[in-house]
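Following: one structure in structure tokens, then a few remarks.
Every chain is numbered from 1, with letters handed out A, B, ... down the list of sequences.
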Amino acid sequence: MSANVSINKVWKVISKQKAVIAIFAMMIFMIFPQTTFYTAYNWLDMLRSTAILEIVAFGVTVAVLCGGCDLSVGGTLCLGGILAVMIVNNGYPIWLAFVVALLSGAVVGFINGFLVVHQKTEPFIITLGMGMLLKGICQQLTDAHPITCTSLDFMQISNRKFFGSIPSLVVYMAILFVIFFCLLRFTSYGRNCYAIGGNYEVAKYSGIKVVPIKWSAFVISGVTATLAGVLLASRMNTGSSVYGDSTGMLVNCGCVIGGTSFAGGVGGVVESFIGLLVIQMLTNCMNQLGIDSYYQTLFEGILIVLIIAGDCYGRKLKRERV
Amino acid sequence: MKKINANSALKLLQQNLVLCGILVLIVVTAIVEPKFLGAANLNNILRQLGPLPFAALGMTFVIIAGFIDLSNVGVISLVGVLTMGMISFLGQVGALIFGILLGALLGYLNGLILTKCGAMTQAEVLFITYGMSSVYTALALLYTKSETLRITSSTKPYTIFTTLGSVSIGIIPVSLIVFLIVLVIMHFFLTRTIWGRSISILGGNKDAAFLAGFNVEGTMRLAYTIEGIMAALASIMLFSRVTTATATSGSGYETNAILCVVVGGTTLKGGKGSVLRTMLGVVLITMLGNCMNMLNLSTYMQTIMRGAVLVIAIWLDNRKEL
């Protein structure tokens with residue numbers, strides 16, 4: 001009996017920290033083959049490649065914590081980048097590009113929030129439809145051609161290096177990480193988000209203003225997605241309607257992989273960060289080992305299915321115990 | 001509660017607002033462009049129906065059961081390339097049977113994974129089927145090495161497929177006749193058999209269905225198997241018409257199928273709906289696309305329009321319950 005209990009305990013720890021375990025497993029595995037995995041350059045590169053998705057994920061985490069979900073971030077990211085490049089190309093200052101792009105994200109988030117929170121629709125499919133709508137708008141804006149940015153200053157934003165060798169994207173990501181961590185951990189807004197995700201009705205009757213807070217979570221998600229879009233456009237020096245095709249799904253999956261639950265109220269920025277790092281590290285490991293890109297898609301799909309199915313299975317066990 | 005006093009005509013209009021909107025658009029197009037109702041264009045619309053009705057029909061079953069499926073993109077791609085590859089080995093009849101069985105197998109696999117891990121909410125189902133979709137697409141990529149397969153390079157005769165794809169009896173294409181037969185069978189299945197009824201009951205209230213002694217997991221697997229078979233039929237119709245198959249030929253079918261089901265009036269909450277309504281949705285969405293072609297709008301505008309119709313349809317569908 002006691003053995004059974006301890007097995008249960010071990011299983012509980014494993015299921016809770018599966019993303020961290022996955023990271024350690026990959027790090028141990030990568031000791032053996034002769035690769036450039038353990039170099040400072042590779043790790044910085046890994047962080048830089050994942051920075052855009054991480055920034056999107058920080059905002060999405062807030063929406064997911066409140067018991068929502070935002071699959072439209074792919075379209076929002078795309079829209080932000082295209083608007084910024086168009087504005088800079090027309091000779092307006094860069095700060096204006098940021099303001100307009102972030103405002104567009106806020107508007108998209110506001111509409112999402114209206115539909116999901118105020119009108120109480122199911123967030124998953126409606127944000128999927130919203131993503132499709134935004135994709136269409138992006139294609140219409142650019143005529144489905146990539147637009148190259150002519151301003152060198154704009155390109156410098158994401159391609160600069162701080163302190164000698166640290167890519168600027170990593171620095172931006174770190175700053176946003178700290179901001180979101182503090183927002184969720186140390187402010188009443190963050191505590192209320194957890195409360196709303198944990199139990200909507202209880203939060204409502206204990207006097208939390210549930211509708212404005214959940215609504216604003218979607219606005220935050222939209223704004224961070226456009227911010228990431230502008231940074232991506234600056235990194236690539238192009239605004240294109242093909243960016244962000246799989247972002248929505250990947251980011252939301254990443255949040256769940258890290259341990260932020262779609263039931264709401266569980267998880268946080270740290271978990272989402274780790275979750276997306278797992279996906280990026282898997283890609284990096286497979287690149288280092290020279291695995292075919294088709295197999296990479298396959299493994300990524302299997303990873304997503306395994307981890308989300310494991311998440312569901314854990315909840316099923318919990319349900320049955322109750 | 002206020003709606004009790006409102007007269008019933010207004011209520012009917014409210015419940016079918018999307019249908020009415022699209023009908024108005026069709027009437028406007030017919031007035032602006034008289035060719036729209038000409039025999040040539042109607043024939044064209046009948047031809048355009050092709051694979052979409054099958055995909056939408058399968059999606060109807062999953063949605064009536066209260067779930068959602070994004071994996072039909074992967075199923076359509078994988079069944080398409082493998083069936084075309086099998087013509088040379090199994091002959092055309094063998095390949096046809098192989099394709100349908102493969103679809104059933106993939107659908108059953110989806111259902112098996114979902115029931116084994118206990119995924120009961122739309123969110124969990126959405127992400128797991130998305131992961132399965134990328135697994136299937138990756139397998140299709142591995143099989144084709146991302147080359148385009150052509151039906152004309154088969155070493156054995158392939159007349160069944162060309163008949164399905166391009167022959168018409170009178171003005172009615174063969175694929176439409178096949179679809180109508182399948183539609184009648186599926187309508188009978190859903191409304192007159194115990195299995196079909198239990199799918200509806202499962203969608204109405206899962207807990208009640210479980211407590212009443214229904215085989216919840218078996219019913220769920222059944223719904224996904226039907227979805228798989230329908231996706232396989234859609235795939236066969238698709239490659240018969242275009243005579244080529246690629247590993248990405250299924251992309252876009254998931255949102256379009258959901259769009260048709262929702263516009264037809266089947267609610268995403270599950271439990272209510274019929275295959276005939278989906279048929280109506282398919283016809284209207286196809287005519288909508290045709291209208292926009294007639295009015296010389298760009299394909300990007302069509303994406304925007306589809307996204308907008310999806311969002312508005314889900315929103316209005318949700319308002320009915322309020």
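- Proximity to chain B involves both the backbone and the side chain of A/I302, based on heavy atoms less than 4.5 angstrom apart.
- Proximity to chain B (any heavy atom under 4.5 Å) is restricted, for A/I304, to the side chain, taken from C-beta onward.
- Proximity to chain B is absent for every atom of A/L306, based on heavy atoms less than 4.5 angstrom apart.
- Counting heavy-atom pairs under 4.5 Å between each of A/S246, A/G136, A/S241 and chain B puts A/G136 at the top.
- Residue B/L114: no heavy atom, backbone or side chain, is found under 4.5 Å from chain A.
- The line from CG of B/L310 to CG of A/L133 is 9.5 Å long, rounded to the nearest 0.5 Å.
- The side-chain heavy atoms of B/L126 and A/L71, taken from C-beta on, include a pair separated by under 4.5 Å.
- Around atom OH of B/Y143, more than 12 heavy atoms belonging to other residues, nucleotides or ligands sit under 6.0 Å away.
- Considering every non-hydrogen atom in both A/C312 and B/I128, the closest pair reads SG-CD1, 4.1 Å.
- Closest approach of B/E217 and A/K316 over heavy atoms only: OE2-NZ, 4.3 Å.
- Looking only at atom types and distance, the side chain of B/S146 has a donor-acceptor partner in the side chain of A/Y294 under 3.5 Å away.
- Residue contact with chain A, scored on non-hydrogen atoms closer than 4.5 Å, involves the backbone of B/T115 exclusively.
- Between A/Q139 and B/T303, the shortest heavy-atom distance links the atoms OE1-OG1, 3.8 Å.
- Interatomic distance, B/M132 CE to A/I308 CD1, rounded to the nearest 0.5 Å: 12.5 Å.
- The closest side-chain heavy-atom distance from A/T142 to B/Y300 is not below 4.5 Å.
- Counting only N and O atoms by type, the side chains of A/E300 and B/S134 include no donor and acceptor under 3.5 Å apart.
- Residue contact with chain A, scored on non-hydrogen atoms closer than 4.5 Å, involves the backbone and the side chain of B/I304 alike.
- Heavy atoms of other residues, nucleotides or ligands lying less than 6.0 angstrom from CZ of B/F210 number 12 at most.
- Using a 4.5 Å cut-off between heavy atoms, B/Y130 touches chain A through its side chain atoms alone.
- Among the residues in residues 59-82 of chain B, those with a non-hydrogen atom closer than 4.5 angstrom to a non-hydrogen atom of chain A are B/I68, B/L70.
- Of all residues in residues 246-257 of chain B, those placing a non-hydrogen atom less than 4.5 angstrom from a non-hydrogen atom of chain A are B/T255, B/N256.
- For chain B, the option among A/M249, A/K135, A/Q296 with the highest count of heavy-atom pairs below 4.5 Å is A/M249.
- Ranked by heavy-atom pairs shorter than 4.5 Å toward chain B, the options A/A144, A/C69, A/C138 are led by A/A144.
- To the nearest 0.5 Å, atoms CD (B/E124) and OH (A/Y313) are separated by 14.0 Å.
- Rounded to the nearest 0.5 angstrom, A/L115 CG and B/I312 CD1 are separated by 9.5 Å.
- Put simply, of B/I258, B/I314, B/L142, the one with the most heavy-atom pairs under 4.5 Å next to chain A is B/L142.
- Taking CH2 from B/W315 and OG1 from A/T121, the interatomic distance works out to 10.0 Å, rounded to the nearest 0.5 Å.
- Separation of atoms CG (B/L141) and OG1 (A/T297) is listed at 6.0 Å; rounding is to 0.5 Å.
- A 4.5 Å side-chain heavy-atom check between B/F127 and A/N252 finds at least one atom pair inside the cut-off.
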